[in-house]
Number of protein chains: 2
Amino acid sequence: MSLRHGLLDLLAGEPMSGYDLSRFFSVSMGNVWPAQHSQIYPELAKLTAEGLIAQTGEGPRGRKVYQTTEAGLAALRSWLRDSPPDYSIRQEAQLRVFCLWVLPPDEALAYLARDRAEYVRHLDLITATIAAVDWGENQVRRSSRLSIEFGRRFYTELIGWIDWAAEQIAAGALQPGGPVPGLTAGARLG
Amino acid sequence: MSLRHGLLDLLAGEPMSGYDLSRFFSVSMGNVWPAQHSQIYPELAKLTAEGLIAQTGEGPRGRKVYQTTEAGLAALRSWLRDSPPDYSIRQEAQLRVFCLWVLPPDEALAYLARDRAEYVRHLDLITATIAAVDWGENQVRRSSRLSIEFGRRFYTELIGWIDWAAEQIAAGALQPGGPVPGLTAGARLG
DNA sequence: CTATACATGTAACAAGTTACATGATTAA
DNA sequence: TTAATCATGTAACTTGTTACATGTATAG
C-alpha cells in the first residue's frame with residue numbers, strides 16, 4: 001500500500017505522467033521508497049479505476065497526465081490516520097557491512113571507500129536540490145523540504161560513520177584475534 | 001539474495017536454530033533487513049540443500065542447530081566481492097512524512113511525536129545492547145560493533161531531525177499559504 | 001492442569017524486480 | 001537518417017507478508 005500513497009501525494013502536489021513520476025521518484029521519494037516504471041503504470045491504472053486519481057491531460061507520444069482527486073486526498077489522509085506506520089527499514093548496503101569481517105581488512109577498507117563515494121554523490125545531489133528549489137512557495141514544497149532535510153542529515157551521518165568505521169578497521173577491528181565461535185571442525189565439514 | 005547472506009553471516013558467527021535466528025534478527029540485522037520466521041525456515045532448508053550451511057546439532061522440541069560451512073563462507077565472500085551493492089533504502093515511516101502536509105499542523109505534530117517515541121525506544125535498545133556486550137571478544141563481535149554504531153547514530157540523528165521538523169511545523173511550515181498546484185477544479189471533479 | 005514460550009513448518013497472497021515489447025518525437 | 005529520449009505498457013519471476021497449522025517443554 002505504500003507506493004499508491006506516495007503516488008497520491010505526488011499527484012496532489014503537481015499534475016504528472018507516469019514517466020514524470022518515475023523520474024521524480026528517483027530524486028525525492030525514491031530515497032525512502034524506490035519504484036520502477038513497471039510498478040508505477042499498473043498502479044496508476046488501479047488508482048484511476050478506483051477514482052483516487054484522474055487523468056486530467058494528455059501529451060505527445062501517448063503521454064497521460066494525472067492528478068489526485070478529492071477522494072484520493074481523503075484516502076491519503078485516512079492512511080496516515082488509521083493505519084499504523086511500519087517502522088522497519090530495508091537497506092541492503094548496510095546488511096553487507098555486517099558481513100565485512102569475511103574480507104581482509106584492506107579489502108574491507110576499499111569496500112567502504114566505494115560506499116562512501118556513492119553516499120557523497122547522494123549528498124551532493126540533495127545539497128544541489130536544496131539550493132535550486134524555492135521551498136517557501138507553497139504548502140507541499142515546504143513539507144517536502146522537511147523530508148529532504150532528513151536525507152541531507154542521513155547521508156551526512158552515513159559518511160561520518162564510514163570515516164569512523166574505517167578508522168576502527170585501520171586500528172585492527174577486523175583483524176582475527178580472539179576465538180571466532182561457530183567456525184568449528186563440524187561446521188567446516190558440513 | 002539478501003536474506004540468505006544475512007543468515008550465512010549469522011551462522012558463521014554462532015551456531016543457531018531458525019528460532020534463534022528469527023529472534024536475533026530483530027535486534028541486530030533486522031534493523032537493516034527484517035525477516036519473519038516464515039521466510040527463514042524455507043531459506044535454511046535451501047541453504048542446507050546447497051551445502052552452504054549444515055545442521056550440526058539438535059535440541060528439544062525438534063530444534064535444529066545450523067552452522068555455516070566453508071562453502072557458505074566462500075559464497076558470502078563472493079557475494080561481497082562480485083555483486084554490486086544495492087544502495088536503495090526502503091523506509092515506510094519516512095514516506096509517510098512526505099504526506100504530512102495533508103494533516104492539520106497540530107495533528108502532524110502529534111504524528112511526529114509518536115514516531116519520536118518509537119525511535120527513542122530503538123535507540124534505548126541499541127544503547128543497552130552496546131553496554132551489555134563484550135565487543136572486543138572476537139572478530140565477528142568487533143565487526144558487528146561497527147554496524148550497531150551505525151544504528152546508534154542513525155536513530156540519534158532521526159530524533160534530532162524530528163525535533164527540527166517539529167519546530168518548523170510549529171513555525172508554520174505546514175500552514176496553507178501560497179498556491180497548492182494540482183488541486184484545481186479538474187482534479188476535484190475527477 | 002494450564003498458560004506461556006519454544007519450535008518448525010506451509011499456503012495463499014501481495015509487492016517488487018527484471019526483462020521483454022512497442023512505438024513516437026526530437027535534436028544532431 | 002539515426003541516435004537519444006520520451007512514453008507506456010505486459011509477463012515471468014522472485015521476494016516478502018499474513019495467516020494457518022501443529023506440536024513440545026517448562027514454569028507456575
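Bear in mind that the values here come from a model prediction, so they are computed numbers and not experimental data. Every chain is numbered from 1, with letters handed out A, B, ... down the list of sequences.
The side-chain hydrogen bond (donor to acceptor under 3.5 Å, both in side chains) pairs that include a residue from residues 20-40 of chain A are A:Ser17-A:Asp20, A:Asp20-A:Arg63, where partners are two or more places apart or lie in different chains.
For A:Tyr155, the side-chain hydrogen bond (donor to acceptor under 3.5 Å, both in side chains) test picks out A:His122, with sequence neighbours left out. With sequence neighbours excluded, the residues satisfying side-chain contact (heavy atoms from CB on, under 4.5 Å) with A:Leu125 are A:Val27. For A:Arg61, there are no salt bridge (charged side-chain N to carboxylate O under 4.0 Å, His left out) partners at least two apart in sequence or on another chain. Considering only residues two or more places apart in sequence or on other chains, A:Asp115 meets the salt bridge (charged side-chain N to carboxylate O under 4.0 Å, His left out) condition with none of them. With sequence neighbours left out, the side-chain contact (heavy atoms from CB on, under 4.5 Å) criterion links B:Phe25 to B:Leu3, B:Leu7, B:Leu10, B:Met29, B:Ala35. The side-chain contact (heavy atoms from CB on, under 4.5 Å) check on A:Asp124 picks up A:Val120, with sequence neighbours excluded. Residues passing the side-chain contact (heavy atoms from CB on, under 4.5 Å) test with A:Gln175, sequence neighbours excluded: A:Pro105.
Taking 4.0 angstrom as the limit, A:Tyr19 places a side-chain polar atom (N or O) nearer than this to OP1 or OP2 of D:dC6.
Between B:Gln55 atom CD and C:dA7 atom C1' the separation is 13 Å, expressed in whole Å. Remark: P of D:dT17 and OH of A:Tyr87 are 18 Å apart, rounded to the nearest angstrom. Between A:Leu7 atom CG and C:dA15 atom C1' there is a gap of 14 Å when expressed in whole angstrom units. Rounded to whole Å, the distance from CZ on A:Arg4 to C1' on C:dA15 is 12 Å. If you measure from atom CG of B:Leu3 to atom P of C:dG16, you get 17 Å, rounded to the nearest angstrom. The interatomic distance linking B:Ile40 (CD1) with C:dG9 (P) rounds to 12 Å, in whole Å. Atom OH in B:Tyr66 sits roughly 13 Å away from atom P in C:dA7 (whole-Å rounding). If you take CD of A:Glu92 and P of D:dG16, they are 10 Å apart, rounded to a whole angstrom.
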How far apart are the C-alpha atoms of A:Ile169 and B:Leu146, what are their side-chain angles, what is the distance that settles it, and do they pass the side chain to side chain contact (heavy atoms under 4.5 Å, CB included) test? CA-CA 9 Å; A:Ile169 292 170; B:Leu146 301 182; 3.9 Å; yes

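Comparing D:dA25, C:dG9, C:dG16 by their nearest atom to the side chain of A:Trp33 picks out C:dG16. For A:Tyr41, whose side chain is taken as the heavy atoms from C-beta onward, the closest listed nucleotide among D:dG9, C:dT10, C:dT17 is D:dG9. For A:Arg63, whose side chain is taken as the heavy atoms from C-beta onward, the closest listed nucleotide among D:dG16, C:dG9, D:dT8 is D:dT8. Checking D:dT10, D:dT15, C:dG9 against every side-chain atom of B:Lys64, the shortest atom distance belongs to C:dG9.
Among the heavy atoms of the strands lying under 4.0 Å from B:Arg90 are primed sugar atoms or P, OP1, OP2 only; no base atom is included.
Non-hydrogen atoms lying under 4.0 Å from DNA chain D are contributed by A:Arg23, all within residues 21-32 of chain A.
Alongside B:Val65, the hydrophobic cluster contains no other residue (criterion: ILVMFWY side chains under 4.5 Å).
End-to-end axis angle for the helix from C:dC1-D:dG28 to C:dA28-D:dT1, using five pairs per end and rounding to 10°, comes out at 30°.
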Nucleotide by nucleotide, 5' to 3', does protein get under 4.0 Å of the base (B), only the sugar-phosphate (S), or neither (-) in nucleotides 18-23 of chain C, counting heavy atoms? BB---B

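A distance-only check finds no donor-acceptor pair linking the side chain of A:Gln94 to the backbone of B:Val32 [under 3.5 Å].
Remark: B:Glu149 engages B:Arg145 in a salt bridge, criterion side-chain N to carboxylate O under 4.0 Å.
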